[in-house]
2 protein chains.
Amino acid sequence: MSLRYGLLGLLAEGPASGYDLTRRFEEVLGPVWPAQHPKIYAELGRLTADGLIEVDSYGPRGRKAYRITEDGLAAVRTWLAEDEVDHTMRLEPLLRSFFFWLMTPEQLSDHLVREQEFFASMARRYQSYAERKDRGEFGHSPRTQSMRVAIEAGVRMYEALAGWAEWARTVPPAKP
Amino acid sequence: MSLRYGLLGLLAEGPASGYDLTRRFEEVLGPVWPAQHPKIYAELGRLTADGLIEVDSYGPRGRKAYRITEDGLAAVRTWLAEDEVDHTMRLEPLLRSFFFWLMTPEQLSDHLVREQEFFASMARRYQSYAERKDRGEFGHSPRTQSMRVAIEAGVRMYEALAGWAEWARTVPPAKP
DNA sequence: AGGGGACATGTACTTAGGAACATGAGGAGC
DNA sequence: GCTCCTCATGTTCCTAAGTACATGTCCCCT
């Protein structure tokens, strides 16, 4: 259901094609909600059938841009304001951490170094996005303001994970 | 695939039934990897067919406890050491944050207060687990040592999210 | 003795997600 | 004129996840 509202939310910014939405999903929403083009095209079909979006224009190469309808806008707003938030976070790195005791100290150490580097680099990436926004590169619309809030979450989450990986390296392996 | 290794990892601690594993998944691994009993029983069947686990004992009420085999143990270890980590985090609260600009200031404020409370309460829950572990309540086996590391991740993640929600409340709504 | 709750396993069905396959138009550079 | 890349949409198929249905046992409390 989240994909549906993700698409509606993006279309609330303005008309876009399935191709545009696919790219926006992989660039922007990818880390928190991956979606491949087959799912997106299928969902666009269902959204059209439900009257939440409609075709806005046809372009070259069979391009079809969609526009959100009044009903569609109302649907996202209801979702945001009334639907219960699903708080489950599906995070493989944390699932793995429950089983660290099955790794040799060397394997674990290597793993944690790599993880720390990955999380730190992600944190830096989001940090630089945040700085560009704060310098005004993306303008000051409400939409980009929300993007700034989302980016801040990315910075904080990845910094927390990087810090965790670093801390985990200092935990001595237990001797049973 | 993660469910498979999650089950193997839990069975590496000792024999357990499908029912035991279902409860452990919802109590311990639930927040990072939800799994319902139908998936678990089905996967246990597949793991048995693949020779990675075997029936350890039969108990009352049709209870069947499984034991991990040498092959199974080798399979988890290979996964941990060699399989690439999937870093995608599917997190609805962050997906929603991209669309905060579609909410009224009142709705957003309410939402962020509730989210902050939720994340803070989760952080406290994991914090108290951590303290119990540090007091020695769960012993000092390598297994519980890993649990301690996983719990620390929970504390840090939820604290980061609570801090984020609090910070987000201070971001003034943009006037376009 | 009876009832309720936790224990225990499974099937059936639906939806979500992801990989592979299939096709073709338009534009830039050689 | 040809080639290659990006744009662009879609189908097919398989696996993962989740909901609902179905069934029965053991134990504790009243």
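Values in this document were obtained by computation on a predicted structure and should not be read as measured data. In what follows, every chain begins at residue 1, and chains take the letters A, B, ... in the order their sequences are listed.
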Engineer: Go along nucleotides 10-19 of chain D 5' to 3' and tag each nucleotide: B for a protein heavy atom under 4.0 Å from its base, S when only backbone or sugar atoms are that close, - otherwise.
Structural biologist: BB----SBBB
Engineer: Please name the pair of heavy atoms, one in Pro142(A) and one in Trp101(B), separated by the smallest distance, quoted to 0.1 Å.
Structural biologist: O-CB, 3.4 Å
Engineer: Can Lys133(A) and Glu137(A) be counted as an ion pair, charged N to O under 4.0 angstrom?
Structural biologist: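 Answer for the salt bridge query: no.
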Engineer: In whole Å, I'd like the distance from the CG atom of Asp86(A) to the C1' atom of dT15(C).
Structural biologist: 15 Å
Engineer: Check the distance between dG17(C)'s P and Leu29(A)'s CG and give it to me in whole angstrom.
Structural biologist: 13 Å
Engineer: Please tell me if the side chains of Arg96(A) and Leu102(A) come closer than 4.5 Å, counting only heavy atoms from C-beta onward.
Structural biologist: no
Engineer: Between Glu115(B) and Arg169(B), is there a side-chain N and carboxylate O pair less than 4.0 Å apart?
Structural biologist: no
Engineer: Just how far, in rounded Å, is P of dA8(C) from CZ of Phe25(B)?
Structural biologist: 18 Å
Engineer: Inspect the contact between Lys39(A) and Glu43(A) and indicate whether a charged nitrogen and a carboxylate oxygen are less than 4.0 angstrom apart.
Structural biologist: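 Result for this pair is no, no salt bridge flagged.
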Engineer: Please determine if Arg124(A) and Glu159(A) form a salt bridge, counting it only when a charged side-chain N lies under 4.0 Å from a carboxylate O.
Structural biologist: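 Looking at Arg124(A) and Glu159(A), the cut-off is not met.
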Engineer: Should Asp20(A) and Lys64(A) count as an ion pair when the cut-off is N to O under 4.0 Å?
Structural biologist: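 Salt bridge: no.
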Engineer: Dump the pairs, protein N or O against N or O of nucleotides 24-28 of chain D, anything under 3.5 Å, distances to one decimal.
Structural biologist:
unit_1, atom_1, unit_2, atom_2, d
dC26(D), O2, Arg61(B), NH1, 3.4

Engineer: I'd like to know if Glu117(B) and Arg114(B) make a salt bridge, using a cut-off of under 4.0 Å between side-chain N and carboxylate O.
Structural biologist: no
Engineer: Ignoring hydrogens, what is the shortest heavy-atom contact between Thr88(A) and Asp86(A)? Give both atom names and the distance.
Structural biologist: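 That closest heavy-atom pairing would be OG1-OD1, 2.9 Å.
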Engineer: Quick one: closest heavy-atom pair of Ala35(A) and Phe25(A), and the distance?
Structural biologist: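 Minimum heavy-atom contact is CB-CD2, 3.7 Å.
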Engineer: Measure CZ/Arg63(A) against C1'/dA25(C) and give the value in whole Å, please.
Structural biologist: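 Atom-to-atom, Arg63(A) to dA25(C), this comes out as 14 Å.
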Engineer: Any residue in residues 8-24 of chain B with a heavy atom nearer than 4.0 angstrom to DNA chain C? Just list them by number, or reply none.
Structural biologist: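 Only Ser17(B), Gly18(B), Tyr19(B), Arg23(B) qualify.
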Engineer: Quick one: Leu7(A) CG to dT9(D) C1', roughly how many Å, whole number?
Structural biologist: 15 Å
Engineer: Is Arg4(B) close enough and on-axis enough to Trp79(B), meaning under 6.0 Å and within 45°, for cation-pi?
Structural biologist: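 No, Arg4(B) and Trp79(B) do not form such a contact.
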